[in-house]
Structures are given as structure tokens and as C-alpha cells.
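Okay, structure first, notes after.
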Amino acid sequence: MTDPLQDFEPETWLCTVDQVREFRAQLEALGQKLVFTNGCFDLLHAGHVRYLRQARALGDALVVALNSDASVRELKGPTRPVNTEEDRAEILMALECVNAVVKFEDPRVTKLIEAIAPHVYAKGGDYTVETLNPEEKAALDQVGAEIKILPLVPGRSTTATLKRVKEGEREQGQNQGGVVVTGGAVATPVNSPQDSGPLRIGILGSGHGSNFEAIHRAVAEGHLEADIRVVISDHAESRILRKAREAGLNTIHVDAGGAGWKLPASVQKEICDHLKRHDVQVVVLAGFMRVLKDPLLSEFADRIVNVHPSLLPKYKGKEAWVQALEEGELETGATVHLVNAEIDGGRILAQGKVPIHIGDTADTVLERIHTVEHEIYPQVLADWRKLGLPTG
Ligand code: GAR
């Protein structure tokens, strides 16, 4: 018996221009529309597929003009394309939404537009009708093609894919023997004086207090042996203070004056005194949006811990999840780290990753990050002594 797959060896996946013209004539005879688009399609990814499916939906058949290897090199540099024109054409032809692939050598598709006279021309959202190449635009107008600009999918591009591969390789090199944790807390132990009993913690927060709640719940459910000695906030009306009060905990409002990241020296001292008075061993920042300095940093050296909504060292500072989304990352996460004088720069104790999906918004990403924060933060505190971190 013959193997149908083995026998299936087309000479080329690429059509000639004449074949595409013939195809167009057949479609027109049926009252159907041919959609035309062009690109390099090197390392096909979900952004490409989405784009091509949307393009196909603009008419009845889709023809893709594929940059030849030489023209990709000219456009993108000597290391590209990663895949040959034959391979790129074969992959495209495997897509249900693609009816034909035709190669072009010039930097522009003007000649193909003139030869094929597509009914619709689709282009990615990095262009507008105004910024289309004037020569191509004139050809499209001349053949009466309708121009449609389709939205780009953030982060899904061959360039972004290659960048991620490079970064991944670099991280791999750096993390040999180091610690990158997904979902649990691990750190390199340091020697510390052993003590026992519930870990005495003081929590500082400015806002919603969902991390405070997760820690409080972990204590109540017996997953975390800790004593929340005091909850301090720079906002009198913050939800974290209200929740702590409702839970029957000691709460303190400190007047830090105005908005912003700054915390006046007198307030740094005031907080330090409150924490010491409450016999706190470990200071837990749960969405505390002010920068800590001395005497807090020196009095509680290696005993102040923070949770940050990114995979540090990436995206320090404000609205880290928005930064990750805008950079087109495919994943982000949360980091629990020790606090030192460098903002979001202290030793990493645990990280949890979350995916960024196509169509995500800042809110959906943040919600996913919060879920991870609420797992890893109580876990780090539960493991504090096991990790060899200091308690006093
Ligand atoms: C958390 O997402 C935390 O990562 C972030 O504030 C939020 C507080 O939420 N912290 C930072 O950005 C610190 N740089 P919560 O009040 O609901 O716990």
C-alpha cells in the first residue's frame, strides 16, 4: 500500500502571478471577492493567524504575497528570515484561511497589485490609509481595491518572539544555581538566630488590603503561624485599615501629608517606633505606596518584605502590570522580595508567573497577578524561618 503523505510532494507551495490572476477571474465570475495582503510571515505566531483570519473574512478568498528571502533580508537585516520562503509558504498554505501564496522580490507590492487587481487589500494596524506607501496606494486606487486596516495584536510579532528567546537564554545563564520560583517560596538560607512561636508581623498598606486579607486568612486557617501585631496605613480611610479594624486588630493611621511616594523623615521614625512598640519582627508591605528610608531600613534590615506586581527585576515602579502589557509580554507575575534602599531592588524570595492572553486588559492581568500574590505572600511568611531569614 502506498503512503498518501509520502506521495504528497507538491513542486512548490507558491503560485505564479498568472495563476492568481486566473483565480481572481474565477472568483469575479462567481460574484466573489479576492482579498490580498502581504508580509514576511517569518516564525508564524498567533498574531499572524488572527490577522490572516480577519483578512480572509473581508472577502471570499485570501491571497498572501510573501516577501522573498532576499527582500526579507533587505527589510530586516542579515539574520532574517529565520525560515526560507518555501517553508514560510508551506506553513501559510496549511492555514484554512489562506487560499494562495505568491512570492514577491521587490520591496513593494505595487506590481502585484497592478497585476492581480484585488477587490480588497488588507494591511496591519501599524499603518493607516494615510501612511501607506504612496506608490502602493496609487496602484490600489487605480485598480479600485478597497483598503482595510486590521488591528495588530500586541506582543505577537516575530521580532518580539525572537527577543523573548534571547532574553530567555540570557536569564537561563544568569539563573544557573540561583532561584526563580513559580508559585512557591524558596531562597538561599542565611544563618539567623533561631526563635520560635508565631512570627510577629506588622503590616503597612495604603489601599485595598487584599494582600492583608490573604495573610490574615492564612493565619486564621492555620497555614501561617503569625501574629499580626499592628496594621499601619498612610490613608485614614483606606480599606486595609477598615478591614483590619473589623478583624479586631490594632490599627494606626500615620499622617504622611500629601500624595506621592515620599514619606517624611519624622513619619519614617514614627512608623519605626510603632513597629518596635508592638514588638514586630518582620515588616510586611502590602501595597504600601511610600518609599521607606532610615531608620526603618536599618532597624529592620532584611526584615522588611514587599510584594510587587511584576517579575522583578523587570518592570519596577508604578503600574508594573500596565508596563508589561504595553511591552507586549506574554507573561508577567508577582514577586515577593526583601526591601532595601533600591526601589523594588531587594533580594527576590519568591515569584509566581501569570500568562498575558490576547485581548487581556490591565484589569484582567492585575486580577490574575493578585491571585498569585495571595498565594506566594503568605507562603513566604510561613517559610520565613525555614528560609533562614532574620527575625530580630
Ligand atoms: C498589590 O498588587 C501589590 O503588588 C502592589 O500594590 C497592590 C496592593 O494591593 N504593590 C506595589 O505596587 C508596590 N510597588 P492590595 O492593597 O489589595 O494588597
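K293 pairs by the salt bridge (Lys or Arg N to Asp or Glu O under 4.0 Å) definition with nothing, not counting sequence neighbours. Residues that satisfy the side-chain contact (heavy atoms from CB on, under 4.5 Å) test with T79, not counting sequence neighbours, are absent from this structure. Annotation: salt bridge (Lys or Arg N to Asp or Glu O under 4.0 Å) contacts of E74 (sequence neighbours excluded): none. Listed by chain and number, the residues in a side chain to side chain donor-acceptor pair (under 3.5 Å) with D60 amount to none (sequence neighbours excluded). With sequence neighbours excluded, no residue satisfies side chain to side chain donor-acceptor pair (under 3.5 Å) with R73. For H45, the side chain to side chain donor-acceptor pair (under 3.5 Å) partners at least two apart in sequence or on another chain are H48. Under the side chain to side chain donor-acceptor pair (under 3.5 Å) criterion, D234 pairs with S206, R290, sequence neighbours left out.
Residue pairs satisfying the salt bridge (Lys or Arg N to Asp or Glu O under 4.0 Å) criterion with at least one member in residues 247-268, sequence neighbours excluded, are absent. Residue pairs meeting the salt bridge (Lys or Arg N to Asp or Glu O under 4.0 Å) criterion with at least one member in residues 111-123, sequence neighbours excluded: D106-K111. Within the structure, every pair that satisfies the salt bridge (Lys or Arg N to Asp or Glu O under 4.0 Å) test and touches residues 40-58, not counting sequence neighbours, is listed here: D42-R80. Sorted by first then second residue, the side chain to side chain donor-acceptor pair (under 3.5 Å) pairs that include residues 277-286, not counting sequence neighbours, are D195-Q281, R200-D279, H274-R277. For the salt bridge (Lys or Arg N to Asp or Glu O under 4.0 Å) condition, the pairs that include at least one residue of residues 143-156, sequence neighbours left out, are K33-E146, E146-K148.
Under the 3.5 Å distance criterion, the side-chain polar atoms of T251 are left unmatched by any main-chain donor or acceptor of R245. Looking at N83, its side chain never comes within 3.5 Å of a backbone N or O of D87 through a donor-acceptor pair. Under the 3.5 Å distance criterion, the side-chain polar atoms of Q268 are left unmatched by any main-chain donor or acceptor of L296. Between the H308 side chain and the P313 main chain, no donor and acceptor come within less than 3.5 Å of each other. T335 places a side-chain N or O within 3.5 Å of a backbone atom of L312 that can act as its donor or acceptor partner. A distance-only check finds a donor-acceptor pair linking the side chain of S233 to the backbone of G205 [under 3.5 Å]. The backbone N or O of A115 sits less than 3.5 Å from a side-chain atom of R21, completing a donor-acceptor pair. Under a 3.5 Å cut-off, the side chain of Q323 and the backbone N or O of K316 do form a donor-acceptor pair. For W13 (side chain) and A100 (main-chain N/O), no donor-acceptor pair under 3.5 Å exists by modelled atom type.
The pair E135-R108 does not meet the salt-bridge criterion, since no charged nitrogen lies less than 4.0 angstrom from a carboxylate oxygen. Taking a cutoff of 4.0 Å between a charged side-chain nitrogen and a carboxylate oxygen, E329 and K314 qualify as a salt bridge. R24 has a carboxylate O that lies under 4.0 Å from a charged side-chain N of E28, or vice versa, which qualifies the two as a salt bridge. Salt-bridge annotation for D69 and R88: present, with a side-chain N of the basic residue lying under 4.0 Å from a carboxylate O of the acidic one.
Side-chain contact between H223 and P378 is absent, with no heavy-atom pair separated by less than 4.5 Å. At a threshold of 4.5 Å between non-hydrogen side-chain atoms, the residues L52 and F41 count as touching. H208 has its side chain out of reach of H370: every pair of non-hydrogen atoms, C-beta onward, lies at least 4.5 Å apart. By the 4.5 Å heavy-atom criterion applied to side chains, L199 and E225 are not counted as neighbours. Proximity of L263 to F288: side-chain heavy atoms (C-beta onward) are separated by under 4.5 Å at one or more points.
In this model, a donor atom of one side chain and an acceptor atom of the other lie less than 3.5 Å apart for Y121 and N38.
Residues V307 and V322 fall within the same hydrophobic cluster, defined by Ile, Leu, Val, Met, Phe, Trp and Tyr side chains chained together at heavy-atom separations under 4.5 Å. Cluster membership check: L349 does not share its hydrophobic cluster with Y315, using side-chain heavy-atom separations under 4.5 Å among Ile, Leu, Val, Met, Phe, Trp and Tyr. Using a 4.5 Å cut-off between side-chain heavy atoms of Ile, Leu, Val, Met, Phe, Trp and Tyr, with links allowed through other members, I91 and V72 fall into different hydrophobic clusters. I203 and M289 end up in different hydrophobic clusters when Ile, Leu, Val, Met, Phe, Trp and Tyr side chains are linked at under 4.5 Å.
The shortest non-hydrogen separation linking P118 to L34 is CB-CD2, 3.8 Å. Residues R385 and S196 approach most closely at NH2-O, 3.6 Å, considering heavy atoms. The minimum heavy-atom distance between N306 and Y377, with the atom names listed, is CA-OH, 3.3 Å. Between I232 and L241, the shortest heavy-atom contact is C-CD2, 4.5 Å.
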(request) Quick one: do T161 and T158 satisfy side chain to side chain donor-acceptor pair (under 3.5 Å)? Show the steps, please. (result) CA-CA 5 Å; T161 306; T158 302; 5.7 Å; no
(message) The test is side-chain contact (heavy atoms from CB on, under 4.5 Å); show your working for L162 and T159 and say whether it passes.
(response) CA-CA 5 Å; L162 290 171; T159 310; 5.9 Å; no
(message) Pair E85, S68 - check side chain to side chain donor-acceptor pair (under 3.5 Å), show working.
(response) CA-CA 6 Å; E85 56 200 31; S68 70; 4.5 Å; no
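Annotation for E246: atom CD counts as buried by contact number, over 12 foreign heavy atoms lying within 6.0 Å. Heavy atoms from other residues, nucleotides or ligands lying under 6.0 Å from CD of E367 number 12 at most. For E96, the CD atom is loosely surrounded, since the number of other residues' heavy atoms within 6.0 Å does not exceed 12.
When T364, V365, L330 are each tested for a side-chain contact (heavy atoms from CB on, under 4.5 Å) with I356, only one passes: V365.
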